[in-house]
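All remarks here apply to the structure that follows.
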Amino acid sequence: MDKSMLADLESLPEADRQRMSAMMEQLQIRDSLRMYNSLVERCFTDCVDTFKHKSLQKQEETCVRRCAEKFLKHSMRVGMRFAELNQGAATQD
Amino acid sequence: MDKSMLADLESLPEADRQRMSAMMEQLQIRDSLRMYNSLVERCFTDCVDTFKHKSLQKQEETCVRRCAEKFLKHSMRVGMRFAELNQGAATQD
Amino acid sequence: MDKSMLADLESLPEADRQRMSAMMEQLQIRDSLRMYNSLVERCFTDCVDTFKHKSLQKQEETCVRRCAEKFLKHSMRVGMRFAELNQGAATQD
Amino acid sequence: MDANLSPAGLDKEQIFGIAEKEMEYRVELFNKITHSCFNKCVDNRYKESELNMGENSCTDRCVSKYWQVTNLIGQLLGSGKHPM
Amino acid sequence: MDANLSPAGLDKEQIFGIAEKEMEYRVELFNKITHSCFNKCVDNRYKESELNMGENSCTDRCVSKYWQVTNLIGQLLGSGKHPM
Amino acid sequence: MDANLSPAGLDKEQIFGIAEKEMEYRVELFNKITHSCFNKCVDNRYKESELNMGENSCTDRCVSKYWQVTNLIGQLLGSGKHPM
């Protein structure tokens with residue numbers, strides 16, 4: 001759907017390309033903030049289950065750290081595979 | 001809430017109505033893409049559970065096809081009922 | 001991230017501040033409608049489980065009312081705590 | 001875009017803004033009904049690609065009940081002091 | 001709208017854009033806290049329409065802990081090499 | 001912003017609009033793959049902060065299968081009479 005459209009965009013004058021990249025930048029900021037929000041939600045849901053205290057307990061903090069690190073590593077791996085597939089570089093098993 | 005507002009819109013000049021319908025078109029494109037994304041997510045979640053292979057297995061593919069077809073039929077039925085209710089055509093049982 | 005930026009905004013001329021508050025108003029309208037949608041979804045999911053009738057049964061209606069009231073009270077409480085934390089007024093336990 | 005700017009200016013912008021939010025709301029409502037009623041009514045083992053009669057009549061009633069819940073909560077919000 | 005365009009042009013547009021994203025972020029954070037803490041703290045059988053003391057104090061602690069998780073993960077992201 | 005307005009006017013606005021939706025779609029697709037494959041492949045008891053070999057290879061296959069499901073459903077939608 002988009003290949004021809006993106007080709008069209010490359011033929012646009014400089015000013016339009018600038019606007020395009022400003023738009024992408026805005027989308028990336030929004031996306032990063034959403035990713036952050038959903039990461040916090042996931043790790044909170046998976047790691048915090050008791051509410052006898054107002055402060056995070058040591059083991060909850062450890063769990064949150066590991067959750068975030070695992071998720072970020074996972075997310076980078078997905079990003080690499082996703083990029084390969086977007087470039088049609090996927091191979092069969 | 002909106003009935004009076006939509007009446008106001010109908011009294012707007014031609015140029016505004018054009019802008020309005022361009023806006024609706026944009027929303028429909030975004031909505032279609034979101035619907036597509038959420039349909040894929042649902043059928044993937046329900047149908048794919050083993051990861052010994054890189055390719056979809058025959059039974060997974062069958063499941064995905066049925067899932068998508070069922071969802072689309074369901075969605076069209078909901079759309080008809082939704083339209084009736086929006087028009088105040090709902091009857092009691 | 002935002003404190004310096006918001007300070008910048010306060011130094012903007014009147015016209016910009018007006019635009020800013022118009023933007024916030026739009027976001028609040030959208031947010032209220034989303035909150036409404038998600039509240040309905042939650043109470044429907046938790047309270048309605050049988051579909052032998054086309055109309056809400058008495059006990060389902062009672063459940064929905066309680067669900068909505070509880071959620072709104074909860075939401076206001078979260079709002080107060082959230083505001084305190086945003087102002088750095090949080091204390092230790 | 002410029003062609004649509006009227007002397008009324010900001011007010012018209014606000015009307016468009018509200019109309020846009022209103023449409024987004026309706027689309028989101030439709031999507032939530034579709035997904036909620038699929039979860040409640042349709043067997044997700046997908047043994048066939050047709051909806052059977054039970055699934056269809058469940059869907060009709062589900063949409064109707066969802067709509068009633070929407071109105072009921074709308075009344076609660078409208079009548080009360082809740083600023084939603 | 002035109003009245004708000006300044007000589008600074010694009011930069012101001014960017015400031016507005018970032019401020020908008022920032023506000024969206026806060027609204028989304030608030031919504032996620034509200035829903036997460038409702039799930040963790042409030043009995044969803046809805047036997048009454050009041051929140052009891054246990055639910056209220058659970059909510060207070062839940063919001064506090066959610067906030068701490070937000071800060072903790074924010075630190076991890078800020079200190080690390082992760083491009084989020 | 002004004003500098004970018006061309007004689008073609010509305011058409012260019014539409015191109016930008018569609019390009020924006022397309023990018024939003026890709027971002028959302030990426031996010032859904034990430035979350036779905038995390039749910040399917042990663043142990044959420046978080047006994048360590050590394051992904052083990054099993055989790056990594058599960059992720060690779062999961063992304064590949066998700067992509068195939070996306071294409072399969074895209075074909076169904078494209079070929080059929082469904083207006084999505």
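Chain letters run A, B, ... following the sequence lines, proteins first and then strands; every chain starts at 1.
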Is there a donor-acceptor pair closer than 3.5 Å between any side-chain N or O of D:Lys65 and the backbone N or O of C:Thr50? yes
Going by the rule salt bridge (charged side-chain N to carboxylate O under 4.0 Å, His left out), which residues pair with D:Glu48 if we only count those two or more places apart in sequence or in a different chain? none
Test of understanding: with salt bridge (charged side-chain N to carboxylate O under 4.0 Å, His left out), list the residues that count as partners of D:Lys21, not counting sequence neighbours. none
Roughly how far, to the nearest 0.5 Å, is the [atom2] atom of [Y] from the [atom1] atom of [X]?
| X | Y | atom1 | atom2 | value |
| --- | --- | --- | --- | --- |
| C:Gln26 | D:Glu20 | CD | CD | 8.0 Å |
| D:Ile73 | C:Glu69 | CD1 | CD | 10.5 Å |
| C:Arg34 | D:Glu24 | CZ | CD | 6.5 Å |
| D:Glu22 | C:Ile29 | CD | CD1 | 10.5 Å |

For D:Gln68 against C:Leu56, the heavy-atom pair lying closest together: OE1-N, 3.0 Å
Shortest non-hydrogen separation from C:Thr45 to D:Lys40 and the atoms involved: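 Scanning both residues, the minimum pair turns out to be O-NZ, 2.8 Å.
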Answer with side chain, backbone, both or neither: which region of D:Leu72 has an atom nearer than 4.5 Å to a non-hydrogen atom of chain C? side chain
Please classify the contact between D:Glu28 and chain C as side chain, backbone, both or neither, with a heavy-atom cut-off of under 4.5 Å. both
[Y] and [X], any side-chain heavy atoms less than 4.5 Å apart:
| X | Y | result |
| --- | --- | --- |
| C:Val64 | D:Leu76 | no |
| C:Phe44 | D:Lys32 | no |
| D:Tyr66 | C:Val40 | yes |
| C:Tyr36 | D:Thr70 | yes |

Side chain, backbone, both or neither of C:Gln28 within contact of chain D (heavy atoms, under 4.5 Å):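 No part of C:Gln28 comes within 4.5 Å of chain D.
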Give a yes or no on whether C:Met80 atom CE has more than 12 heavy-atom contacts from other residues, nucleotides or ligands under 6.0 Å away.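 More than 12 within 6.0 Å, yes.
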